[in-house]
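Since the structure comes first, as structure tokens, the remarks are kept for the end.
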2 protein chains.
Amino acid sequence: MIRVVLAEDQSMVRGALASLLGLEPDIEVVGEAANGDEAVAVAEATRPDIALLDIEMPGRDGIAAAEELRRRVPGCRVVILTTFGRPGYLRRAMEAGAVAFLVKDSPARDLAAALRRVLRGERVIDPGLAAAALSAGPNPLSPRERDVLSAAADGSTINDIALRLHLSEGTVRNYLSAAIQKTGARNRIEAVRKAQAQGWL
Amino acid sequence: MIRVVLAEDQSMVRGALASLLGLEPDIEVVGEAANGDEAVAVAEATRPDIALLDIEMPGRDGIAAAEELRRRVPGCRVVILTTFGRPGYLRRAMEAGAVAFLVKDSPARDLAAALRRVLRGERVIDPGLAAAALSAGPNPLSPRERDVLSAAADGSTINDIALRLHLSEGTVRNYLSAAIQKTGARNRIEAVRKAQAQGWL
DNA sequence: CCTCCGCGATGACATATGTCATCGCGGGCG
DNA sequence: CGCCCGCGATGACATATGTCATCGCGGAGG
């Protein structure tokens, strides 16, 4: 039996995925979690073969959970299952020790097949996505540029960001300007959207 | 048997939901669709008791599909199942003829229960969400203000929007200014986010 | 009939934003 | 050691954005 822990914040989707995996005779869902912290705790308690993690979750996200799991539950292989095939997500997931990266709009039947391949020691990554991640290159934003761009995402004004990050307004403008250049955008909104599409935030 | 057509764009989630419903002895998934147009076509062909529709789908969305279904397949009851419990979505779904509105982060076991209640003629709506929709009031944005705000969502500049909508720059600024006032925002980005959170776009 | 409201536009104005040059500090690296 | 790079800052400048007053048109409704 392949023992799986499932982490996904939307309960209905989580329950549905559990039922999908339950159809397979050789797969057993031994634990469920609604966020990254729960996922680590449940995996420590149940020692599954595979942790199937969503990325977008409140609190600790799936990628951070993957890093933690590598340390705390070494025998557990991490599979990322996410809505968005952002190149940056794939890169970060691999760096965090994931062995497979699946997107939710591939066919349902692929899921069980991927888990079996993972248990045989294979890595499972969509070839097109892998190519996109490689051709897109690494994240060009410096840590501080990322902070500022993230802070700008919700419509905050320069002043808000400066106060929140304890920076001068001019500095914020400079970082924002740099981020706009590096993303090839024309203003901060485009920069935020492009960076998010790449998984750089 | 309750005969259900399922529309959801992410195939893995769609397959998982189908398997979840398949566990119920009195429910049968008789058709699946990946977008609103397919949903209408499949429902016309299979005449299900219930159409279970996601809102966010490419092409015709779940709400537009609900309207179409009311005309084309009158016996079919529409249930909306969506990620976001935005007040404006609920309102629009009800106006489009939906009889139930479920959010994906309620427990998986609620889904089948809701479908049974719907078949008994009940409406199923989360009380808290209903209250939020009523207290938020109707969409205060005029159709044109919505157009302009939507066009601004991707980081387009005033000039881009003016060209795209065949308006003068000043007019675009005026509409944008009005939308900012009505949403209580401080700039267009906040206005876009607030309007989206309410389901006004 | 008159009024209100949405649509579309113009002009003027005050700020906010984006860009650039330039500075100092400090850590890593050949 | 000298160089580069990230961080933080300042000042100046050109645009972009947001606000306001005001106009005309046309349809809906008291």
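Every chain is numbered from 1, with letters handed out A, B, ... down the list of sequences.
- Looking at heavy-atom distances under 4.0 Å, B:Arg173 makes contact with a base.
- Following rounding to the nearest Å, A:Ile161 (CD1) and C:dG18 (P) show an atom-to-atom distance of 9 Å.
- Put simply, the side chain of A:Asp110 does not reach to within 4.5 Å of the side chain of A:Leu102, judged on heavy atoms.
- Atom pair B:Ile189:CD1 and C:dA16:P shows a separation of 14 Å (rounding to whole Å applied).
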Checklist line | Worked verdict on B:Asp54 versus B:Lys104 for salt bridge (Lys or Arg N to Asp or Glu O under 4.0 Å) | finding: CA-CA 10 Å; B:Asp54 190 14; B:Lys104 285 181 185 169; 3.6 Å; yes

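- As a whole-Å value, the separation of B:Glu145 CD from C:dC5 P is 13 Å.
- Applying the 4.0 Å criterion to OP1 and OP2 of C:dT19, one finds that A:Ser177 has a side-chain N or O inside that range.
- With D:dC7, C:dC7, C:dG18 as the choices, the nucleotide that has an atom nearest any side-chain atom of A:Pro143 turns out to be D:dC7.
- In this structure, the CD1 atom of A:Ile158 is 13 Å from the C1' atom of D:dT17, given to the nearest Å.
- Look at CG on B:Leu165: it is 15 Å from C1' on C:dA9, rounded to the nearest Å.
- Taking atom CD of residue B:Glu169 and atom C1' of nucleotide D:dA16, one finds them 10 Å apart after rounding to whole Å.
- The distance between atom CG of B:Asn187 and atom C1' of C:dT15, rounded to the nearest whole Å, is 12 Å.
- The listed nucleotides are C:dG18, D:dC7, C:dG8; the one nearest the side chain of B:Leu167 is C:dG8.
- When only modelled atom types and interatomic distance are considered, A:Ser156 and A:Arg164 share a side-chain donor-acceptor pair under 3.5 Å.
- Of the candidate nucleotides D:dG6, C:dG6, C:dA16, D:dG6 has the atom nearest to the side chain of A:Ser142.
- A cation-pi contact links B:Arg86 to B:Tyr89, judged by a cut-off of 6.0 Å to the six-membered ring centre and 45° from its axis.
- Of the candidates C:dT19, C:dG11, D:dG8, D:dG8 carries the atom nearest the A:Tyr175 side chain, counting heavy atoms from C-beta on.
- At a threshold of 4.5 Å between non-hydrogen side-chain atoms, the residues A:Ile63 and A:Ile55 count as touching.
- Side-chain atoms of A:Arg188 do not come within 3.5 Å of backbone N or O of A:Ala179 as any donor-acceptor pair.
- Relative to the side chain of B:Asn174, the nucleotides C:dC20, D:dC7, C:dG11 differ in distance, and C:dG11 lies closest.
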Next item on the list: Could you go through the side chain to side chain contact (heavy atoms under 4.5 Å, CB included) check for A:Asp49 and A:Arg77 one step at a time?
Entry: CA-CA 6 Å; A:Asp49 301 303; A:Arg77 267 157 283 203; 5.5 Å; no

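- B:Asp126 has its side chain out of reach of B:Val103: every pair of non-hydrogen atoms, C-beta onward, lies at least 4.5 Å apart.
- The distance from atom CZ of A:Arg188 to atom P of D:dT17 is 11 Å, rounded to the nearest whole Å.
- Computed from C1' positions of five pairs at each end, the angle between the two local axes of the helix from C:dC1-D:dG30 to C:dG30-D:dC1 equals 30°, rounded to 10 degrees.
- Residue B:Arg186 is classed as having no contact, given no heavy-atom separation below 4.0 Å to the nucleic acid.
- Contact annotation: A:Thr157 reaches the phosphate of C:dT17 (side-chain N/O to OP1 or OP2, under 4.0 Å).
- Out of D:dG8, C:dG8, D:dG18, the shortest distance to the side chain of B:Thr171 is found at C:dG8.
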